[in-house]
Each structure stands twice: as structure tokens, then as C-alpha cells.
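Read through the structure below, which is laid out as C-alpha cells, and then see the notes.
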Amino acid sequence: MAARGGFSNRLGFIAAAAGSAVGLGNIWKFPYEVGENGGAAFLVIYLACAFLICLPIMLAETAIGRNTRLNPYGAFKKLGGRKWGMVGLMGVLSGVMILSFYNVVAGWAFGYFLQIGFGGMLSEGLNYDAHFGSFVSDIWDNLFYSIGFMVLTALIVAGGVQKGIERWTKILMPLLVIMIVGLICYGLTLEGASDGLAFYLVPDFNEINANTFYTALAQAFFSLSLGMGALITYGSYVGKNDSIVGAAALITIADISIAFLAGLMIFPLVFSQPGIETNAGPGLVFVALPGIFESMGSVGPFIGAIFFLLLCFAALTSTVSLLEVPVAYVTDQFKFHRKKTVYGVATVIFLIGLPTMLSQGASDFFTNFTFYGGKNIDFFTLIENVFSDLSLPLGGFFIAVFAAWKWRGKGFQKELYFGNPQLEGSITEKIILFMVRYISPLVVGTIFVISVLKIFFNINLF
Ligand code: PFF
């Protein structure tokens with residue numbers, strides 16, 4: 001254990017795993033998905049997916065990591081043999097590909113921090129919608145921002161699990177929450193706030209269709225950093241005296257709460273500004289917030305810069321966990337030197353991200369890269385569909401099936417008892433096992449089929 005490093009205590013693991021979970025997924029992705037998928041109805045399904053389906057899988061994933069103290073590939077191979085190792089390998093690959101696009105979006109947040117704080121962006125009377133469009137297609141600026149972000153990520157991961165990851169999260173996450181709450185209070189004073197709240201909080205169940213389910217489930221996996229072995233990797237650093245069950249519940253609650261608050265922040269702001277639509281897509285946060293900061297007058301640039309800076313930190317604790325997965329894989333399996341591995345892997349992932357960066361208007365080839373589901377698909381969307389929307393739920397399906405059906409009693413259950421002896425024979429244990437055995441695989445498996453049909457063939461089952 002000492003050689004691999006470990007979290008200093010249970011709170012260290014919770015902070016790091018929550019840091020991994022809370023990121024762009026909560027503040028950038030969740031609000032625009034709510035906006036595109038019917039508002040409050042999406043929120044309801046999302047909450048159900050997170051607590052009923054994903055939380056049990058999170059227990060299984062963390063337990064596998066702590067039991068084996070290995071990376072996802074090594075862990076599955078050790079417990080289940082070579083074939084199961086493939087599930088771990090799929091997770092490592094997903095981590096690589098997710099980080100390749102995540103780093104680009106983190107670069108956008110970094111760019112907005114610099115432009116608002118130091119570039120006078122808010123004083124130019126811009127149309128922020130148009131500005132975002134030209135911003136993401138400016139390849140040179142984006143190169144600079146995303147290189148900067150990847151270097152920061154690599155430096156922290158090279159610093160080691162305990163020193164690097166834990167420390168940052170504990171300080172910066174509370175600050176982000178305070179900032180979001182402040183913006184919620186401000187938003188609620190604006191005209192249009194009540195329409196925004198109604199859109200976000202009053203469900204219209206006519207809005208629900210196949211899309212809602214698969215987007216909500218995929219988002220829950222992405223937001224909880226679940227299904228690709230990030231939590232196997234972090235779980236591998238957790239001590240035997242710590243309760244996995246309590247930790248997983250706390251991480252889920254923290255993550256969901258911050259996503260919920262982000263929605264509460266965004267929608268009143270969207271409805272208070274004419275010309276901004278709830279279905280603005282991936283640009284939503286970048287379009288809705290600057291106008292609000294501008295309306296704050298002379299403090300606007302300061303507040304805006306701090307907001308995007310904190311968003312960068314939230315993204316950083318997530319990129320760190322994404323990079324940690326392939327790094328743990330390479331160092332465990334091939335016994336490579338950790339620091340060199342960190343820089344090597346980070347460089348490769350950065351290069352893989354270049355087409356994503358070019359796919360937002362800079363290069364026509366990558367912007368109209370392929371065609372499926374009835375529309376042109378850019379490179380970014382393709383990678384996101386395959387390695388996040390589909391791969392994470394699929395990974396989660398296998399994790400649940402593996403823990404409940406193959407590893408089972410002596411393995412999975414016993415691992416949950418460590419640090420939590422009262423679990424043995426309790427009703428909580430029965431519920432957990434029932435969910436991991438039946439409900440999670442069944443629901444995830446069904447929604448996976450719905451997703452493939454919808455994404456690639458544009459077939460709506462309902
Ligand atoms: N959970 C992160 C977010 O919501 O921003 C994204 C993420 C991090 C996904 C780590 C997967 C992962 F392993």
C-alpha cells in the first residue's frame with residue numbers, strides 16, 4: 001500500500017472522489033442537458049438514475065478497487081480472469097478518450113477566466129452567443145488554453161495521490177459552492193426568475209421520451225465518474241477500516257447537490273436575458289453567464305473571473321482523476337516510472353484531443369466528421385457518444401454483473417463489511433444486493449439498447 005500511496009483517511013477519499021465527480025459535468029453539461037430535454041421532467045429521471053441505479057454500482061466499483069488495490073484492468077483480471085480484464089481495459093480506454101475532450105472544454109473555462117479577468121471581455125458589449133461561436137473555433141487560443149490545462153493536470157498527478165489530489169479538493173470545492181449559492185441569490189432577484197424556476201422545478205411529464213432516459217442515465221454515470229474504473233483506481237487507495245457504503249452515499253449526495261444548484265443558478269439567469277434559449281446546447285453556461293456578470297457593473301469582471309477560475313479548479317480535480325486511471329494502469333501493469341508515465345500519457349491524450357478541438361468550426365472535416373442518427377456529427381460528439389454516453393453505462397452494467405454474480409458473497413459482500421461490520425445481515429445489505437444483482441443491470445442494460453437505437457439509428461422506442 002505504501003508504495004502505491006493512499007488517502008490519509010476516509011475524508012481524504014471522499015474529498016478526492018467527490019472532486020472527481022464534481023466538475024464540468026455538473027456545471028457545464030447538466031444544465032444544458034436539462035435545457036435540451038424538457039426541464040424538470042429530466043431532473044426527476046436524473047435523480048432516480050443517480051440514487052437507484054448508479055449508487056449501487058458505485059459501491060461495487062469502489063469495492064473492487066479496494067479489494068484488489070489495482071488499476072481497472074489489473075483488478076478485473078485478478079478477480080475474474082483475462083476475459084473480465086477486457087472490461088477494465090475498456091474503462092481505461094474510456095478514461096483516455098473522455099479526458100481528451102474534457103480537457104478541451106476545461107480549456108474553454110480557462111479561456112473565459114483569462115478573457116473576463118484580464119482581456120476586458122465584458123466591457124465590449126458583445127453578443128455572447130456569437131462570441132462563444134468564434135471563441136471555440138479559434139484554434140490558436142484554444143491550443144494555448146488546453147495545453148495549459150493539461151500541464152496543470154499532469155503536474156498534480158505527478159505530485160502523487162495524497163499530496164496532489166486530496167489537498168486541492170478540500171480547499172476549493174467549498175469555495176465553488178459558495179460562489180454558486182451567491183449567483184443563485186443574485187439570479188432570484190432578476191426579472192424572469194420565476195419562469196426559470198418553473199421550467200427547472202415543475203415537471204411536465206409529456207416531455208419524457210426515450211431521449212430523456214438515455215441522456216439522464218448517461219449523464220448520471222458521467223457526473224458520478226462511474227463505469228470506467230476511476231473509482232476502482234481511487235478505491236484502491238482506500239483503507240480497510242473505512243466504510244465504502246457511507247462514503248459512496250456522501251459522494252453521490254455531494255455530486256447531485258452541486259448539479260442541482262448549478263441548475264438553480266442557470267435557469268433564472270437564462271430566463272432573465274432575452275435571446276438566450278434553454279436549448280442553447282453546450283454553449284449554455286458560456287452564453288448565459290457573461291451577460292449577467294456584465295450587468296453587475298464594475299464588480300462584474302472580478303466576479304466573473306473568480307467564477308470561471310473556480311470552475312477550472314472543479315474541472316482540474318476531475319481531469320486529475322481521469323489521468324490517474326491510465327497512469328495507474330501503465331505503472332501497475334508495466335512497472336513504468338510514475339512521473340515519466342504521467343507526462344507521456346498526458347501528451348498522448350492531449351494529441352488525441354486535437355481533432356475534438358478542431359471540430360467546433362475550425363476544420364470543416366472534423367466539424368462534419370460523420371453522419372448518423374439523421375444528422376451530421378462532429379468529432380467531439382462522436383467521441384462523447386461512444387466513450388461516454390455508451391461506454392460508461394456499459395462498463396457500469398459489467399461492474400454490477402461482475403460484483404453480484406461472479407465475485408459475489410465471499411468477495412463483494414465481505415469487502416463491504418470492512419469498516420462497516422454492522423452491514424452484515426442488515427436490511428441495507430439486502431437492498432444493496434437486490435439493486436446490484438437485478439435492478440441496476442436490468443435498467444442499465446435496457447437503457448443501453450435504447451441508447452444505441454436512438455444515437456446511431458434515430459429509432460425512438462417510445
Ligand atoms: N465526473 C466528472 C464531471 O462531472 O465533470 C467527469 C468525469 C471524471 C467522468 C472522471 C469520468 C471520470 F472518470
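Because only heavy atoms are used, hydrogens play no part in the values below, and waters and symmetry mates are left out as well, while side chains stay in. For ligands, and for the atoms within them, numbers begin at 1 and follow the listed sequence.
- Side-chain atoms of N209 and T212 include a donor-acceptor pair closer than 3.5 Å.
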Tabulated below should be the N or O atoms of ligand 1 paired with protein N or O atoms at under 3.5 Å; can you produce that?
from, atom 1, to, atom 2, distance (Å)
ligand 1, 1 (N), S20, O, 3.2
ligand 1, 1 (N), A21, O, 3.0
ligand 1, 1 (N), F222, O, 2.8
ligand 1, 1 (N), S223, O, 3.0
ligand 1, 1 (N), S225, OG, 3.0
ligand 1, 4 (O), A21, O, 2.9
ligand 1, 4 (O), G25, N, 3.3
ligand 1, 4 (O), N26, OD1, 3.4
ligand 1, 5 (O), L24, N, 3.1
ligand 1, 5 (O), G25, N, 2.8
ligand 1, 5 (O), Y102, OH, 2.4

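- In this structure, F30 and F42 have tilted ring planes: the angle between them lies in the 30° to 60° band.
- Of the N and O atoms on the side chains of Y128 and Q273, not one donor lies less than 3.5 Å from an acceptor on the other residue.
- Using a 4.5 Å heavy-atom threshold, the side chains of W84 and W407 count as separate.
- Summarising the geometry of A154 relative to V342, their closest heavy-atom pair is O-CG1, 3.4 Å, with the distance given to 0.1 Å.
- A tilted orientation is assigned to the rings of F267 and F199, their planes being inclined by 30° to 60°.
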